[in-house]
Structure formats: C-alpha cells, structure tokens
Amino acid sequence: MNEEQKSLLLDSSSRFVIPQGVKLSYGTAGFREDASILSSTVYRVGILAALRSLKTQSVIGVMITASHNKVSDNGVKIADPNGGMLSQHWEPFADAIANASSPQQLLQLINEFVEKERIPFLGVRPAEILLGRDTRPSGEALLEAARQGVTSIVGAVASDMGILTTPQLHWMVRARNKGLKASEQDYFEQLSNSFKCLMDLIPTERSKFDGMNDKLVVDGANGVGGAKLQVLHKLLNVLDIEVRNSSEDEGVLNDGVGADYVQKEKVAPHGFGSKDAGIRCASLDGDADRLVYFLVPPESNAQVNLVDGDKILSLFAVFIKEQLSFLNEKEDLKNSHKARLGIVQTAYANGASTNYLKHLGLEVNFTPTGVKYLHEKAAEFDIGIYFEANGHGTILFSESFIEWLEVKSRDLSSGSKGSEAEKAALRLLAVSNLINQAVGDALSGVLLVEVILKHMGWSIHRWNELYHDLPSRQLKVKVADRTAVVTANAETVVVRPPGLQDAINTETAKYTQGRCFVRPSGTEDVVRVYAEASTQEATDTLANCVAKLVVQFLGSNSS
Ligand SMILES: CC(=O)N[C@H]1[C@@H](OP(=O)(O)O)O[C@H](CO)[C@@H](O)[C@@H]1O
Ligand SMILES: [Mg+2]
C-alpha cells in the first residue's frame, strides 16, 4: 500500500467515528443494528467491497437494508461476483474492520489483510462497486457512507443504483460479471419476457383455473417490493394483481405487515380482512427476498392459512419434475441426460413437506439455517431447488445443464416441433431466466408461482392440499450464553452441552410423530426451539418441555 493510499484511508476514516460499547458481527445476513450507529460500519464495508473487487477483479455489490426488521434499523451486506453472499472466508475480516477502534488500527488491519490475501492494489482493473438501498429513511445517508468507504481505495468507482430490492442488486452484480445487460429495466424485461414465454407454453386444455378467482392480492410490507411489482405488472398486462401496503401508501415498513410477520404470527397483515376470504394472497418481506402465500379465513381474528416456503418449493418441484419427465420420455438412453434434481431444506422445513417430496421420489438434502448454506448445496445439482420455510429460496440451474437444454431444444425444434419434449425444454429455459439465479427473489417467485398455478390449472386451495402441515411450534429461549450450544447434522443434534440431546430424545420419544431440535440463532441472542407432533397441543407441550431443558442445561439469562 503506497503513501497516497494510506493517507486517503486515514483521512476518510477519521470522519467516521465508531460507536462505543457495541460489538458488531457480520452474521448470517450482514451487519444489522439501529441505523443511528451504523455509518462507520457501512463506511468500512465500502472499503471491504472495494478490496473484494480488486481481489476478484470483478464487480461487487453493497446493499443497504435490514430486511424484515423494524424501520429504525438498517444493515449492510455484500454481493459477491456471482451475485451470491460474501465468501465466508472473508467474514472474519468484515468483523475485524467493523470493530477496529481507531483509524490507525483500521489501517493496520487492512494492510495485514491486503498482504495475506495478496490483493492486487494497483492491478489492471480498478475496483467497481454497485450500491443499492431499500426504502428506509436512513438509507440515503448510509449509502453515502458506503460510497466514501469505496472511494477511499485509490481508483475505486461506486455507482449508486438507487432504491432496489435486495435480489435486484444481486441480479445486477451477477449480470455485470457475466457481461450481460444489467440495468433495472433489463431485470424487468428478462422477468416479464420469460414469464410471457411460460404463459405461451401452457397446455390449452389446462389454461382455465378450476373455478377460482384469478386475482392475486399482494402485501408489499410497506417496503420496496410493492412498487417494483407494480412496474412489472404494467409490463405484463396479463395478471390481475392488486398491491396493498406499497411504500407509496401511508403505513410503516414491516409494522404489522410483511412475509416475516404473516409467517411467524400466522395472522393477516394490515389492510387484509375477512372481505378477502378465499382470494389468493401473498406477502413480501421488507426487501422483497422472501415470499409466502396465504388465505384469509372468513371469520375475523382467525389464523390465516399459510402457504409457506416449503409449499412454494413443493409446487416448483412438481412442475420441474413434470418437465424433466416430458424430456426423458421416448428418449433413447444414449442421448438422454438424466438431469440430477436436488431439493435443499433446513430442519425448519415442515416434516410433512419433506415426506411429500421424498414420496415424489426426489432427493432431499438438509443444510444448516442461512441461505448461503442452502444455495451452496443447491448449486451441486443440474437443477437445485432450495427454500427456507420462511419463504426465501430459488431454483438454480447449472451452466452445463443450461447448455444441454439449449442444444436439446434446437434439436427438438428441427425434429419434432411442438412436441411435449420441446415445450418442456423451452419451459425449463424460461424458468432459468425468470427465477433469480443469484438469490431468492420474491418478485420472480410470485411470477413463477402464478404461471405454474395457471399451467396446472390449480387454485391456491388445490395447491395447499398437496400435503397437510404437521402442527409445529417455535419458541425462543433466552440463556446466559447461547454459543454454549453446539450442534451437528444440519443442526438437528446438540453435541454440547453434554446430556442435552439425550434429554431431548427422551422427551421427544413420548410423542406420536414427535420431532424437536434446538440451535443458537445466528441473528438474535436466543436459543431457538422447534417442535412438531401429531396435534397442536402435543406440539406445544413438547416445545415447552424442551425449552425448560434448555434453561436447565444452560441457565436462564434473567437469573
Ligand atoms: C428460524 C428462522 O426463520 N431463522 C431465520 C433467521 O436465522 P436465525 O439464525 O434462526 O436467527 O434469519 C436468517 C436470516 O434472515 C434466516 O435465513 C433464517 O431462516
Ligand atoms: Mg429479506
């Protein structure tokens, strides 16, 4: 690092004073805190992004958002060159610089890291960073802090992409690095064109809904997703979508609205009520990377019927499996490519969904919580479908499978034009363009759900009947030190403290269809307990008993 670079860093960092008494951690979803204390953190993440860009010689993204958290919070996360999450290998560096106590210490940490990672400081290509933010009022000032961080690396360029959903920013980073068209307009066009292509390929005998209302009502969480969906809606012209709780309405971001609220509380969001009974409803989270569907019950105050991430995954799996079977039909074995379709879930997936998927003959894999783990696993397959129960997920297509599909669809169109196999190949290609290949994306998710329902001729009721969720319960337990809980086997088994897993096993064995696991949260200072059993009452008893065991083994933090 030359003297010019050192003084630029010392000078700019002296403008961003680190808050006292806060220990920041990059965690599963980047840094998240009350927005008022975040500017030094975001500034430092700007520096990290520029270094990452130099190291990878690629465009990097910085997104300012705190997703489903309250409006006074904010946060920041990085999009890596492929549009995915920051490489886990760099997370400790993010933690270290975010907590550096002075400009001198910050400079020293950067210097050491640059040497260790052999970052080409005066390399061929200057750093280039795309900055995006959600609708939070604190976003504009924090974006400026990120820009100052980026430009404190000599030659680095920061482009302000404005207000975006998190998945849009990830999509842009991926597209830029693949040399593809990458503007917001390009995003909307790609989604709407591939949606129209799937609509055109719907079998005519199925193109009628089974007697159901065609309308979809979407809760935009008073965040960025609602307005963006309206832009898409205008381009599409064929879907009947009404958006409520758009950021242009009066309501407060994530306050009694949004996918996280609907999924956790199982109640209708603000603005929805018994007048909407029977209508297909969906909810996005604050930065539009999560999606759940739901049905409002006719009686007010009753729980909504939740159609969660597991059921979206199941719908996608049924559709993809059907297309693969069309492709393999009449296929002589020499030319066929038996595509590997893999499903990825976490232990929070409802057991009924896992059983359903296994009964379809699909390979179901489990990873720890956090989309970075699910995404990584899904990328091992020709087609990998991953979802968290809370509604974050997508379908990944391997590059080699896309190439195979392109060749196949060309071959088929010259031979048996209009065949089911040709249509199946074209549908799969359209899905790969519609569904975000970088991260879970509620906007592309809505469009894919809608077109698959039309393709199947299914109402939301029919879809919801694919399987019946087992009763489940989630509890949070505050303990003295949640890091004392160490788990294995995709978080389903506690290995420390000793004895806790045996006690959980003994309790769980008392319940029909009982399943229970505990793990430390990566985003909150709690241990989470998850339980399932054959009735809601039994499930609640199991969850409460295991919560008591957790306190017995770990000590409560209030005592
Ligand atoms: C049970 C649950 O919903 N956990 C969420 C939550 O993680 P925890 O580590 O459980 O706090 O936040 C993560 C980031 O948004 C999300 O990926 C995950 O699914
Ligand atoms: Mg989110």
Side-chain angles (χ1 to χ4, degrees), residues 25-32 63-71 73-77 79 84-86 132-136 164-170 219-226 228 253-254 257-266 283-292 306 308-310 313 344-350 366-376 386-394 436 438-443 445 472-478 482-483 485 487 490-492 517-532 543:
S25 163
Y26 194 81
T28 27
F31 294 109
R32 266 185 218 181
M63 182 70 197
I64 316 276
T65 177
S67 182
H68 55 278
N69 290 27
K70 57 185 190 285
V71 66
D73 285 353
N74 215 328
V76 59
K77 56 184 167 189
M85 305 294 172
L86 173 68
R133 63 184 172 98
D134 70 14
T135 53
R136 283 161 212 270
L164 296 172
T165 72
T166 297
Q168 281 185 312
L169 196 263
H170 284 258
D219 157 34
N222 293 319
V224 58
K228 302 292 184 191
L253 176 69
N254 298 329
V257 292
D260 191 63
Y261 176 75
V262 174
Q263 191 238 351
K264 296 253 158 60
E265 311 290 331
K266 296 209 174 73
S283 185
L284 320 176
D285 76 336
D287 61 340
D289 63 357
R290 286 195 204 174
L291 168 71
V292 294
L306 184 70
D308 63 1
D310 302 336
L313 186 159
V344 188
Q345 299 191 302
T346 73
Y348 289 102
N350 196 282
F366 287 88
T367 71
T369 303
V371 292
K372 59 189 171 194
Y373 302 114
L374 290 114
H375 190 98
E376 194 173 67
Y386 73 87
F387 260 88
E388 292 194 311
N390 61 30
H392 186 111
T394 192
N436 198 319
V439 282
D441 179 344
L443 300 187
S472 67
R473 176 65 63 207
Q474 265 197 59
L475 294 177
K476 297 183 196 182
V477 187
K478 288 198 189 294
R482 76 185 198 281
T483 63
V485 180
T487 63
E491 305 177 322
T492 53
F517 67 92
V518 306
R519 56 174 279 277
S521 160
T523 60
E524 286 178 66
D525 190 13
V526 294
V527 169
R528 294 193 199 279
V529 175
Y530 178 90
E532 273 176 15

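Atoms within each ligand, like the ligands themselves, are counted from 1 in listed order. Quick caveat, the model's predicted, so the values are computed rather than measured. The first residue in the sequence is number 1, and the count goes up from there.
Side chains of Thr65 and Lys77 form a contact here, defined as non-hydrogen atoms less than 4.5 Å apart. Here the side chains of Ile64 and Val76 are in contact, with some heavy-atom distance below 4.5 Å. Residues Thr487 and Phe517 have side chains not in contact (no heavy-atom distance under 4.5 Å, counting atoms from C-beta outward). Contact of the Asp289 side chain with the Val439 side chain is not registered, since no non-hydrogen atoms from C-beta on lie closer than 4.5 Å.
Below 30°, between 30° and 60°, or above 60°: for His392 and Tyr386 the angle between ring planes is below 30°, a parallel geometry.
Taking the charged nitrogens against the carboxylate oxygens, Arg32 and Asp73 have no contact shorter than 4.0 Å, which rules out a salt bridge.
A donor-acceptor contact shorter than 3.5 Å links the side chain of Glu491 to the backbone of Thr369.
Among protein atoms, those of element N, O or S found less than 2.8 Å away from the Mg ion (ligand 2) are Ser67 OG, Asp285 OD2, Asp287 OD1, Asp289 OD1.
The contact shell of ligand 1, taken as protein residues with any non-hydrogen atom closer than 4.0 angstrom, comprises Lys264, Arg290, Tyr348, Thr369, Gly370, Glu388, Asn390, Gln474, Arg519, Ser521, Gly522, Thr523, Arg528.
Screening Arg290, Lys266, Lys70 for a salt bridge (charged side-chain N to carboxylate O under 4.0 Å, His left out) with Asp260, the sole residue that qualifies is Arg290.
Summarising the geometry, atom CG belonging to Asn436 is positioned 9.5 Å from atom CD belonging to Gln168; distances are rounded to the nearest 0.5 Å.
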